[in-house]
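Taking it in order: structure first as structure tokens, then the write-up.
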Amino acid sequence: MRQLFKQFIFSIMVGGIYATTMQAQPANVVKAGKSVFSLTTFKADGSILATTNGFFIGSNGEAVSAWKPFVGAASAVVVDADGNKRDVDVMVGANELYDLCQFRVKGTTIAATLSPTRLQEGGKAWLVDYSVKKPKCKEYTISKVETFMEQYNYYIFKDKVVENLEGCPFVNANGQVVGIMQVSKAGTEVHATDAALAKTFTVNGLTINDAVLRQTSIRTALPEKEEDAQLTLLMAGNKGDSLVYSQYIDDFIRQFPTSAEGYFSQAKLHVNANDFAAADALMQTAIEKATKKDEAHSYYATLIYLKEIYKQTIPYENWNLQKALDEASKAYSVNPLSAYEHQKAQIIYAMGNYDEAYDIFTKLTNSDLRNGELFYEAAQCKQQLKAPQEEILQLLDSAIVVSETTGRNNAAPYYFARGQMYDNAGEYRKAVMDYNQYDTLMYGRASHDFYYIKFKCESKIRQYQQALNDIAHAIVLNRREPLYYAEMASLELRVKQYENAIATCDLCLQIDPEYADPYIIKGIAQAELGQKDKAKECFLKAKELRDERADDLINKYQ
């Protein structure tokens, strides 16, 4: 009986204490709990990476939590105070130093209000726990307040650490958030970083390349300005992740439904998958919905043109170059820009009407579009029309001069084109000069094909050391091409670098042991070094590979 009485008294005491604690919590403090959620991040294999808490700061899914749980994450979900599970959609920003990030989930959310005022040392703040029932709150006493970045508050509390509450909000008596709960590295001190810092995170066209945000695989939010969003779309397309790129396109269309850019980007994906009917339907939608009809028609023309140039072997009866020209003409009729006239000229060139294309290109050289590309395209027309070399070179000269007025790097492709003209005409020294200029403008980052072409030209004018350097560069860029090794060994043999020629042939034969040329070159080099027996073995191997030179060389070096 006494034991029951003790239990009764104890329950009254506990209930009284709990009731007192709850009474000490302002109603607004408890109400703030509706904004709190649990957060779980996942690795790419679906396993759990981390769990924490956070809270919403906007009604459209804007949320704040610690940043570290997202590092290495492929996806994440939150469960709000009503028990609703929501996928984390996009990242808005993150601060690695203060371990804070902002992201968005889809749908409407109950947002917490951020405090506009600073709490003082010795004041009270309430830590609001996550709960799908009734939020629990714990009162904390502030022992110290610091300022960082000149305007944000950093609170340190006297009270002990409570596990599993990181990421929950600290609020004032009005239920306004003053900071996000964090624990020191030692795990002994509770502190809070001003949640207002997360409000400063903004997205621009370059956010997709932000070094901090790239630590997670969850994509960034699309910028609010269309120009910035277009840049993000362009950069996402260059990253090679088709799934993420497609998500960005969906975001763009949803955010800018009257812009042709999103429909065009999505249509290109369909063209890449050879689904031309779907691409066509999208561009029809673009023409219908786009505010700038000229852009929609021009994009449509571009899509058809690219398909007809690069996928002409795959028929689609609704598309042809004439339709592309019609769409470009419609764009020009809506808005007579030089760019649309240029587009028409490119299509006309592809149709084989070189005279007409030439007239338009040359006309545009006197327009606001004047640039090196126009002179280069006019030169290509002249080449197709079998015009005298002097006329073509004059146009290429103009392409270089005009391009160098806007930036020397712009002239690089025209130096190369002119170099090839000289090369084909047998003017090798002039060709090498242009090749060298092209190489300089490309900062030594041209393709292996270019260095092979340059090597061949230099060899013809006996610039052997420069030629050896360039063929070696070609090999560095493409180590699996046996022709480059054979060419290098052949020149090494020619300049009597016999040991080098033998070593280069051995490298070549590691790639292609059935290639006859390196056996011939290696045999000659060995013979010149007096190694006739070894040379004969190489010549016999070449003979096995049906090289007609082998017998004569065996007889010569007996």
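No experiment lies behind these values; they were computed from the predicted model shown.
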Return yes when atom [atom1] of [X] has more than 12 non-hydrogen atoms of other residues, nucleotides or ligands closer than 6.0 Å, and no otherwise.
X: Met351; atom1: CE; result: yes
X: Lys460; atom1: NZ; result: yes
X: Phe416; atom1: CZ; result: yes

Whether the side chain of [X] engages the backbone of [Y] through a donor-acceptor N/O pair (distance < 3.5 Å, no angle test) should be reported.
X: Thr200; Y: Ala196; value: no
X: Lys292; Y: Ser259; value: no
X: Arg370; Y: Thr365; value: yes
X: Thr41; Y: Ala73; value: no
X: Gln343; Y: Ser298; value: yes
X: Thr232; Y: Leu222; value: no
X: Ser47; Y: Lys43; value: no

Residue pairs passing the ring-ring contact (aromatic ring centres under 6.0 Å, His included) test where at least one lies in residues 206-242, sequence neighbours excluded: none
Report the distance from atom [atom1] of [X] to atom [atom2] of [Y], rounding to the nearest 0.5 Å.
X: Asp434; Y: Tyr414; atom1: CG; atom2: OH; answer: 14.0 Å
X: Tyr310; Y: Tyr305; atom1: OH; atom2: OH; answer: 6.5 Å
X: Asp470; Y: Tyr452; atom1: CG; atom2: OH; answer: 13.0 Å
X: Asn436; Y: Glu458; atom1: CG; atom2: CD; answer: 6.5 Å
X: Ser459; Y: Lys456; atom1: OG; atom2: NZ; answer: 7.0 Å
X: Asn318; Y: Asn320; atom1: CG; atom2: CG; answer: 9.0 Å

Ring center gap for Tyr358 and Tyr354 short of 6.0 angstrom: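 Judged by ring-centre distance (under 6.0 Å), Tyr358 and Tyr354 do not meet the cut-off.
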Salt bridge (Lys or Arg N to Asp or Glu O under 4.0 Å) pairs, two or more places apart, involving residues 352-361: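 Those involving residues 352-361 do not exist here.
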Residue pairs involving residues 86-98 (criterion salt bridge (Lys or Arg N to Asp or Glu O under 4.0 Å); sequence neighbours excluded):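 Qualifying pairs: Asp80-Arg86, Asp89-Arg219.
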Restricting to side-chain hydrogen bond (donor to acceptor under 3.5 Å, both in side chains), what partner residues turn up for [X], sequence neighbours left out?
X: Asn469; answer: Gln465
X: Asp506; answer: Lys522
X: Asp439; answer: Tyr451
X: Ser490; answer: none

Any carboxylate oxygen within less than 4.0 angstrom of a Lys/Arg side-chain nitrogen, looking at [X] and [Y]?
X: Asp547; Y: Arg549; value: yes
X: Arg254; Y: Asp251; value: yes
X: Glu308; Y: Lys323; value: no

Selection residues 268-277 - residue pairs positive for side-chain hydrogen bond (donor to acceptor under 3.5 Å, both in side chains), sequence neighbours left out: Asn274-Lys311
Mind listing the side-chain donor-acceptor pairs of residues 234-242 below 3.5 Å, one per line with the distance, residues two or more places apart or on another chain?
| unit_1 | atom_1 | unit_2 | atom_2 | d |
| --- | --- | --- | --- | --- |
| Asn238 | ND2 | Leu234 | O | 3.3 |
| Lys239 | NZ | Asn209 | OD1 | 2.8 |
| Asp241 | OD1 | Leu243 | N | 3.2 |
| Asp241 | OD1 | Val244 | N | 3.2 |

Name all residues meeting the salt bridge (charged side-chain N to carboxylate O under 4.0 Å, His left out) criterion together with [X]; count only those two or more places apart in sequence or in a different chain, and write none if there are none.
X: Lys68; answer: none
X: Glu224; answer: none
X: Arg480; answer: none

Closest non-hydrogen atom pair between Leu213 and Ala94, with its separation: CD2-CB, 3.8 Å
Test ring pair (Phe, Tyr, Trp, His ring centres under 6.0 Å) applied to Tyr422 and Tyr428, step by step: CA-CA 6 Å; Tyr422 285 133; Tyr428 302 122; over 10 Å; no
Pi-cation contact, Tyr316 with Lys307 (under 6.0 Å, within 45°): no
Whether His342 and Phe361 hold their rings parallel, tilted or perpendicular, with breakpoints at 30° and 60°: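 His342 and Phe361: perpendicular rings.
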